Amino acid sequence: MRMTSKLLAALGLFALPCGTASAQVTLKAVMHSDVKIVDPIWTTAYITRNHGYMIYDTLFAMDEKGEIKPQMVDKFTESPDKLSYVFTLRDGLLWHDGAPVTSEDCIASIKRWSARDALGQKLMSFVDTMSAQDAKTFTVKLKEPTGLLIFGLGKPSSNVPFMMPKRVADTDPNAQISDFTGSGPFVFKKEEWKPGDKAVYVKFDKYKPRAEPPSGFTGGKVVKLDRVEWLAISDQQQAANALLAGEIDYYEQPPTDLIPLLKADSNVKLVDYNPLGLQYTFRPNHLQKPFDNPKIRQALWYAFNQKDFLDATIGNPDYYKVCKSMVPCGSPLASDKGMEGLLESNFAKSRALLKEAGYDDTPIVLLHSTDLASLTNLGPVAKSLMEKGGFKVDMQSSDWQSVVGRRVKKDPANAGGWHGMLTAWVSADILNPVMNGFMNASCDKASFGWPCDPGIEKLRDDFARATDPTKQKEIAEAVQVREREVVTHINLGQYYQPIGTRKTISGILTAPAPVFWNIEKK
């Protein structure tokens with residue numbers, strides 16, 4: 001049967017006219033969420049972070065061993081007193097509109113990122129001045145030494161310090177950008193973006209990769225695809241069927257119960273791209289009664305247990321780990337100190353704390369995401385355990401992007417706000433108390449939930465100044481002990497999420513977030 005050009009286009013294939021060397025290579029992916037918010041500084045949502053890695057670049061980046069290396073930066077110098085740093089950009093850096101990347105662009109981008117990011121806020125408390133020496137060179141002067149500068153500029157996940165043109169980076173950090181010009185390896189096709197349908201990225205033909213091999217987010221970002229389409233398929237079985245049928249090439253987060261189905265197909269493979277995994281988390285809103293009362297927040301430690309959440313969401317113990325440490329198990333700062341007796345569903349203790357605190361049966365407005373397979377079952381488990389622990393719970397269900405939009409609102413819970421929500425953090429976001437966004441307890445400057453505790457902030461400052469690993473671990477444990485009282489968030493266990501791909505796909509890099517450079521489709 002002869003296939004028409006219309007049918008070929010529908011299948012993502014292209015007929016080759018005589019003399020054409022090769023067809024355009026298009027990779028079709030189903031990501032964990034639809035792309036509706038496209039400002040990776042305004043939100044920590046991972047789908048927006050993933051979008052950011054497509055179109056933006058960073059001054060420094062983390063390799064697969066966890067080391068920070070220059071990316072857009074060619075070279076930098078550090079003064080003997082560790083108070084002055086001079087950075088020189090690589091040759092050939094261009095924005096997608098053809099304009100050169102400048103020092104002023106980078107300074108403006110650092111300022112906007114640091115206004116929103118937990119680590120960035122702490123870093124800027126050490127910064128005295130940032131100034132451009134020329135178009136490719138800028139200087140950062142510190143008030144006192146800190147190990148956060150290079151690490152912060154290369155932090156791997158939300159919020160990522162992506163570089164943007166100055167005109168874009170000058171946007172109020174609390175407002176979303178409307179100009180999506182980057183300098184990264186892909187260009188966002190805004191005119192083809194259809195929320196609820198697809199987001200499209202094409203190779204930036206003027207991108208100049210670094211000369212060294214890729215590793216994590218570092219090295220040469222060599223693009224081997226012409227076009228990447230992120231298709232919005234919320235039904236997980238439908239997405240799995242599309243992968244099995246070869247209608248898509250890449251499935252970011254197949255649910256654990258569908259993994260055996262994918263494993264059974266010889267044309268499909270699973271790729272464990274993030275060995276440290278992710279951590280489930282409950283976030284209380286400290287601004288809203290009754291969670292403005294620390295004893296009522298503390299009751300959550302006793303009502304919850306991790307295994308119920310992990311069994312409901314992951315199911316297979318091969319893909320999860322009960323881990324009370326607030327930093328990931330398997331990482332250098334992991335510890336159980338301060339966590340004794342917590343997360344064991346001691347409902348009597350939970351009810352006793354609520355009685356002692358004078359809890360008046362105010363219904364807890366719990367935000368529940370319905371369209372992310374990795375999060376969908378968290379809400380019902382939280383509701384059940386909280387009710388057994390003495391809480392009244394009003395679980396309100398919506399898609400994930402609606403949760404993301406609602407969680408930043410400070411309105412009363414009964415007027416469009418919220419009391420509690422559940423999410424997951426990539427382990428690379430929570431390796432220490434400074435970079436962990438939910439441990440930021442700086443009141444109005446903290447992320448949604450807005451915890452306020454000078455004690456935690458003092459410890460985070462101490463960690464930022466410490467350089468000895470033993471001292472750093474002592475401080476991290478002290479933060480964890482303090483968390484028992486403050487309860488900025490509740491850690492609900494660690495899990496591991498492989499990517500499902502067709503066997504025609506190769507070159508997926510080991511990194512805390514999925515990236516599409518180096519991927520090849522044969």
Side-chain angles (χ1 to χ4, degrees), residues 29-35 44-51 53 62 64 66 156-158 216-217 230-240 242-244 248-263 265 268-282 306-307 309-323 327-331 369-379 381 400 404 422-431 491-502 505 507-516 519:
V30 171
M31 306 301 285
H32 70 271
S33 177
D34 185 22
V35 182
T44 58
Y46 283 153
I47 191 63
T48 310
R49 172 209 61 189
N50 296 352
H51 159 85
Y53 272 117
M62 182 180 284
E64 65 178 55
S157 193
S158 297
F217 300 120
W230 290 359
L231 306 181
I233 301 177
S234 59
D235 184 286
Q236 303 302 314
Q237 184 66 60
Q238 182 183 351
L243 181 65
L244 293 170
I248 63 171
D249 307 292
Y250 182 109
Y251 184 12
E252 184 194 1
Q253 291 188 4
T256 308
D257 60 348
L258 293 179
I259 284 178
L261 180 67
L262 301 182
K263 277 185 172 181
D265 192 300
V268 171
K269 62 181 178 180
L270 296 171
V271 181
D272 183 11
Y273 71 105
N274 179 23
L276 272 182
L278 304 93
Q279 182 191 83
Y280 282 128
T281 308
F282 179 95
Q306 294 184 345
K307 192 172 186 299
F309 287 98
L310 294 168
D311 282 340
T313 53
I314 306 303
N316 185 343
D318 291 342
Y319 294 96
Y320 75 65
K321 178 182 292 184
V322 172
C323 171
V327 300
C329 288
S331 66
S369 168
T370 57
D371 62 335
L372 264 65
S374 60
L375 302 182
T376 298
N377 292 339
L378 292 175
V381 173
W400 173 242
V404 169
L422 297 123
T423 187
W425 286 99
V426 166
S427 290
D429 277 329
I430 55 174
L431 295 175
N491 49 314
L492 299 176
Q494 203 162 318
Y495 71 101
Y496 309 93
Q497 176 64 66
I499 291 171
T501 74
R502 301 289 295 177
I505 303 301
I508 294 175
L509 296 171
T510 299
V515 295
F516 286 79
I519 290 181

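Computed from a predicted model, the values in this text were never measured in an experiment.
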* To do: Could you pull out all residues at least two apart from Y53 that satisfy side-chain hydrogen bond (donor to acceptor under 3.5 Å, both in side chains)?
  => none
Please set out all donor-acceptor pairs under 3.5 angstrom arising from side-chain atoms of residues 274-281, sequence neighbours excluded.
| unit_1 | atom_1 | unit_2 | atom_2 | d |
| --- | --- | --- | --- | --- |
| N274 | ND2 | G277 | O | 3.1 |
| Q279 | NE2 | M326 | O | 3.4 |
| Y280 | OH | S374 | O | 2.5 |

* Report yes or no: does Q494 contribute a side-chain atom to a donor-acceptor pair with the main-chain N or O of C329 at less than 3.5 Å? => yes
* Structure fact -> Across all chains, not counting sequence neighbours, the ring pair (Phe, Tyr, Trp, His ring centres under 6.0 Å) partners of Y320 are none
* For Y319, what residues pass the ring pair (Phe, Tyr, Trp, His ring centres under 6.0 Å) criterion, not counting sequence neighbours? -> none
* Asked: Is the backbone N or O of I505 less than 3.5 Å from a side-chain atom of K269, with the two atoms forming a donor-acceptor pair by type?
  -> yes
* **Under 3.5 Å: donor-acceptor pair, side chain of D249, backbone of R502** => no
* Does any N or O in the side chain of Y250 come within less than 3.5 Å of the main-chain N or O of W230, such that one atom is a donor and the other an acceptor? -> no
* **salt bridge (Lys or Arg N to Asp or Glu O under 4.0 Å) partners of K263, counting only residues at least two apart** => none
* Heavy-atom side-chain contact between L422 and V381 under 4.5 Å -> no
* To do: Check whether the side chains of E64 and Y273 place a donor and an acceptor atom closer than 3.5 Å, and report yes or no.
  => no
* Structure fact -> dist I233:CD1 -> D34:CG (nearest 0.5 Å) comes out at 11.0 Å
* Spell out, as yes or no, whether a donor-acceptor pair under 3.5 Å connects the side chain of N377 to the backbone of A312. => yes
* Would you say the side-chain atoms of E252 pair up with the backbone N or O of A29, donor to acceptor, closer than 3.5 Å? -> no
* Residues which pass salt bridge (Lys or Arg N to Asp or Glu O under 4.0 Å) with D429, listed by chain and number, not counting sequence neighbours -> none
